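These notes are about the structure you will find just below.
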Amino acid sequence: MSLDLSVLNPEQRKAVVNIEGPCMIVAGAGSGKTRVLTYKIAYLIDSGVSPYEILALTFTNKAAGEMKQRVINLTGDAAQKMWIGTFHSIFARILRFEADKLGYSRSFSIYDDDDSISLIKKIMLGKGISVEKFNPYGIQSVISAYKTQIILPEHLEPENSFEKTFLEIYTDYQSLLKQNNAMDFDDLLIKPIELFERYPDVLEKYQERFKFILVDEYQDTNHAQYIALKLLSSKYFNISIVGDDAQSIYRWRGAKIDNIFDFQREFKNVKLFKLEQNYRSTKMILAVADDIIKKNKKRIEKNLWTANKEGEKVHIIEMISDRDEAFRIAKLIKEEMHSKKINFKDIAILYRTNAQSRSFEETFRNNSIPYNIVGGIKFYQRKEIKDILSYLKVIANSNDNEALLRALNLREGIGKATIEKIQSIAKEKNISLYKVLEDIQNYIEVKNGIKNTLIHFSDFIKKYITLKDELKVHEFVSGIIDEIGIIPKLKLENTSEADERINNIQEFKSAVREYYDTNENPTLEGFLEQVSLITDIDELDDKKNAVTLMTAHSAKGLEFSVVFITGLEDGLFPLSSSFDIAEELEEERRLFYVAVTRAKEKLYITYSNQRYRYGELKFQLKSRFLSEISQDVLDKCIVYEKFSKNKLFLDQEAPAVNISIFKNKNITNNRDQTIVYDYNLSDDCFSDIRAGVKVFHNTFGSGVVQSVSGNGLEKRAVILFNDFGLKKIVLKYAKLRVMDN
DNA sequence: CCATTACGTATTTTT
DNA sequence: TACGTAATGG
């Protein structure tokens with residue numbers, strides 16, 4: 001035995017060497033859960049289990065990649081053979097092999113939520129169902145909720161007209177997916193179950209194949225995942241699950257925290273291990289975390305402790321406004337940097353909703369604080385990328401009508417009328433849209449000019465279907481991008497948005513290239529699958545030295561030396577929608593717990609008295625969660641006492657920070673002395689806008705600053721725009737962006 | 001057919 | 001506020 005287990009504590013070691021039978025590892029935050037999982041896999045391999053027989057399921061692709069690398073480091077390259085990935089990616093892989101048994105072809109498309117919603121919209125439009133009465137967005141989430149519980153249209157019995165309409169949509173949705181040879185995210189989980197139930201021999205093949213199954217983040221699995229696991233493991237029962245009920249935060253997505261509560265009942269003779277020593281945080285941070293989580297009724301008893309130092313008290317800071325919050329955190333970050341021990345990348349800003357990132361982005365940009373942002377509009381959801389993807393999808397799977405329609409729509413000269421014609425032909429003949437296009441010359445319904453465009457289009461697709469297997473993926477994709485001429489078209493627009501789109505397309509090309517370089521067996525289908533299943537957190541570049549901005553959800557599994565949890569206001573964190581539902585309020589609390597336990601050394605929690613929400617200034621009250629924390633672990637910093645006029649934001653040593661778009665705003669409080677805060681700082685506003693600097697204006701595009709006049713918020717600049725000539729701009733209104741060179 | 005504009009509405013979290 | 005859809009006119 002070459003594996004060194006001495007790096008593990010006794011309980012971790014016991015969990016690692018217990019390889020037979022069902023095993024449940026309850027792992028508190030920061031207790032070395034990933035390490036245990038990694039060592040357990042390594043230990044299996046070391047004990048003679050073939051990596052080929054190991055299946056490990058993680059929550060994100062990133063976690064999978066990292067874990068695989070660690071196992072390889074511990075045991076050698078043979079570990080390449082093991083299957084490790086998210087439920088979605090592993091099951092997609094299985095489904096590709098077995099697709100024909102379920103009436104799909106192996107090149108099936110994967111639909112993301114956007115695709116699903118647009119499909120639902122089309123169904124509703126076709127049926128004349130009003131979008132006001134039935135929100136397609138809502139329909140999609142209800143369908144998804146049913147599917148994760150494996151409740152299919154045939155299981156439903158509608159009791160009123162509302163339910164009847166819903167069922168009609170659901171039924172059509174399912175059959176259209178199949179017609180398009182497409183699966184949505186939920187199908188990736190429930191189709192394997194269908195497969196295993198219909199084909200016991202197939203199930204047995206995979207039971208034999210995966211003799212050892214390990215699951216990470218079990219507290220966030222849903223019913224379908226549980227059923228699939230149960231099926232797969234019910235021959236050898238070598239299933240190890242790792243999780244922490246206190247960190248279950250995906251109820252809204254169908255995750256069932258009961259899965260972890262019920263595990264011992266559902267699987268017989270479960271060995272239970274509890275990892276209770278935290279290696280991550282200071283005693284103070286852990287005390288705060290403990291205060292929070294013990295308010296929850298439903299939880300597995302555990303006693304998280306740490307041998308780490310006591311550390312600083314947790315700082316609670318009251319802010320005047322959301323801008324103030326961003327600004328003062330920027331300042332605190334600069335102070336942390338001055339203390340020298342800290343890098344930007346050791347710092348994270350966490351918030352409840354993505355919309356909160358904006359004020360931080362603006363402030364950080366204006367103050368030269370580098371940042372990484374997770375979430376928001378996903379790269380592969382961007383219009384230009386989806387446009388290109390639609391071409392690729394049609395080529396991979398010509399049955400994919402949704403993709404085909406999108407691609408077709410991009411062609412100049414093809415509009416609603418033409419598309420409707422093609423659709424009606426397809427419907428009449430009961431063939432796919434692509435089939436109609438293939439011999440469009442035989443249909444007299446279409447006018448000649450348009451017909452030529454269509455022939456050109458279908459020839460184009462046909463050509464690339466043949467080229468698909470001849471060219472390397474990245475060459476293939478570049479060829480398509482060049483030929484559809486999307487880049488020159490964008491160049492013509494000559495706006496900053498168009499430039500950004502071109503950049504995105506270039507980035508997309510490099511992504512394909514990287515896929516080609518890093519995969520043993522690169523195919524177009526493989527690339528498309530990877531794209532569909534990738535998430536933002538997977539893309540987080542942790543090598544770049546930058547502050548990380550993300551939601552508390554995205555932060556799960558990560559750790560940072562310094563953490564700011566922002567917007568701890570009632571109605572925001574916890575969200576007001578959770579107030580009346582006990583389970584949801586408990587989930588918000590767990591989310592807060594997750595956020596708190598990301599911090600290693602220092603934790604700041606902030607709340608603001610007012611905040612812009614939905615474009616409206618709202619007065620906010622501090623979160624109920626804050627009153628649940630015992631006061632002796634908190635260091636309260638109330639803004640009114642700490643900051644005096646004029647020194648509010650700037651101090652002599654660190655004048656690097658400045659404000660850019662603050663409005664003139666006087667805030668008064670009615671304590672014993674009245675303090676007026678004046679945001680109108682004269683000197684440092686827009687200090688990055690100087691003569692000679694190249695800037696972007698949203699309407700005028702790029703230009704060069706010629707001169708600057710005025711002070712503070714009245715500052716104006718004369719700018720020579722490439723396309724609009726000289727303009728005098730009031731900086732406070734123009735959201736100028738400084739270009740890098 | 002397509003571009004522009006105006007209006008209306010949505011915003012929690014994401015594999 | 002900010003985006004997406006609907007209506008309108010070219």
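Excluded from the calculations below are hydrogen atoms, water molecules and symmetry mates; all remaining heavy atoms, backbone and side chain alike, are included. Quantities reported herein were computed from a predicted structural model and do not represent experimental measurements. Proteins come first, then strands; the chains are lettered A, B, ... in the order of their sequence lines, and each starts at number 1.
With distances taken from any side-chain atom of A:Arg253 to the nucleotides C:dT5, B:dT15, B:dT13, the minimum falls on B:dT15. Of the candidate nucleotides C:dT1, B:dT13, B:dT15, B:dT13 has the atom lying nearest to any side-chain atom of A:Arg352. For A:Trp252, counting side-chain heavy atoms from C-beta on, the closest listed nucleotide (B:dT14, C:dT1, B:dT15) is B:dT14. When each of B:dT13, B:dT11, B:dT15 is scored by its nearest atom to the side-chain atoms of A:Tyr137, the top-ranked nucleotide is B:dT11.
A salt bridge is absent between A:Arg96 and A:Glu525: the closest approach of a Lys/Arg side-chain nitrogen to an acidic carboxylate oxygen does not fall below 4.0 angstrom. A:Glu628 has no carboxylate O lying under 4.0 Å from a charged side-chain N of A:Arg624, or vice versa, which leaves the two without a salt bridge. Salt bridge status for A:Glu586 with A:Lys295: absent, with no side-chain N to carboxylate O gap under 4.0 Å.
The residue A:Phe87 sits apart from the nucleic acid: no heavy atom pair falls under 4.0 Å. When heavy atoms are screened at a 4.0 angstrom cut-off, A:Asp220 is found touching no nucleic acid atom at all. Among the protein residues, A:Ser554 comes within range of the sugar-phosphate backbone only, with heavy atoms under 4.0 Å from sugar or phosphate atoms but none that close to a base. Across all strands shown, A:Lys121 has heavy atoms under 4.0 Å from sugar-phosphate atoms exclusively, and none from any base.
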>> One pair to check against salt bridge (Lys or Arg N to Asp or Glu O under 4.0 Å): A:Asp115 and A:Lys393. What are the steps and the verdict?
In response: CA-CA 12 Å; A:Asp115 300 328; A:Lys393 281 184 175 177; 3.4 Å; yes
>> Using salt bridge (Lys or Arg N to Asp or Glu O under 4.0 Å), reason through A:Lys386 and A:Asp112 one step at a time and then give a plain yes or no.
In response: CA-CA 11 Å; A:Lys386 287 210 100 173; A:Asp112 64 19; 3.3 Å; yes
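A sub-4.0 Å separation between OP1 or OP2 of B:dT14 and a side-chain N or O of A:Thr551 is present. For B:dT11, neither phosphate oxygen OP1 nor OP2 lies less than 4.0 angstrom from any side-chain nitrogen or oxygen of A:Asn354. The shortest distance between the side-chain N/O atoms of A:Asn222 and the OP1/OP2 oxygens of B:dT15 is not below 4.0 Å. Phosphate contact (OP1/OP2 of B:dT13, side-chain N/O of A:Arg251, threshold under 4.0 Å): absent.
Between A:Glu569 and A:Ser608, the closest heavy-atom pair is OE2-N, 2.8 Å.
Of the candidates A:Lys556, A:Lys256, A:Arg253, A:Arg251, A:Lys556 is the only one forming a salt bridge (Lys or Arg N to Asp or Glu O under 4.0 Å) with A:Asp220.
In this structure, A:Asp186 and A:Ile419 both approach DNA chain B, and ranking their closest nucleotides by distance from the 5' end singles out A:Ile419. In terms of position on DNA chain B, the residue among A:Thr418 and A:Leu189 whose nearest nucleotide sits closer to the 5' end is A:Thr418.
One C1' atom belongs to C:dT5, the other to B:dT12, and the distance between them is 23 Å to the nearest Å.
Listed in residue order, the members of residues 574-593 of chain A having a heavy atom less than 4.0 Å from DNA chain B are A:Leu575, A:Ser577.
Rounded to whole Å, atom P of B:dT15 lies 12 Å from atom CD of A:Glu217.
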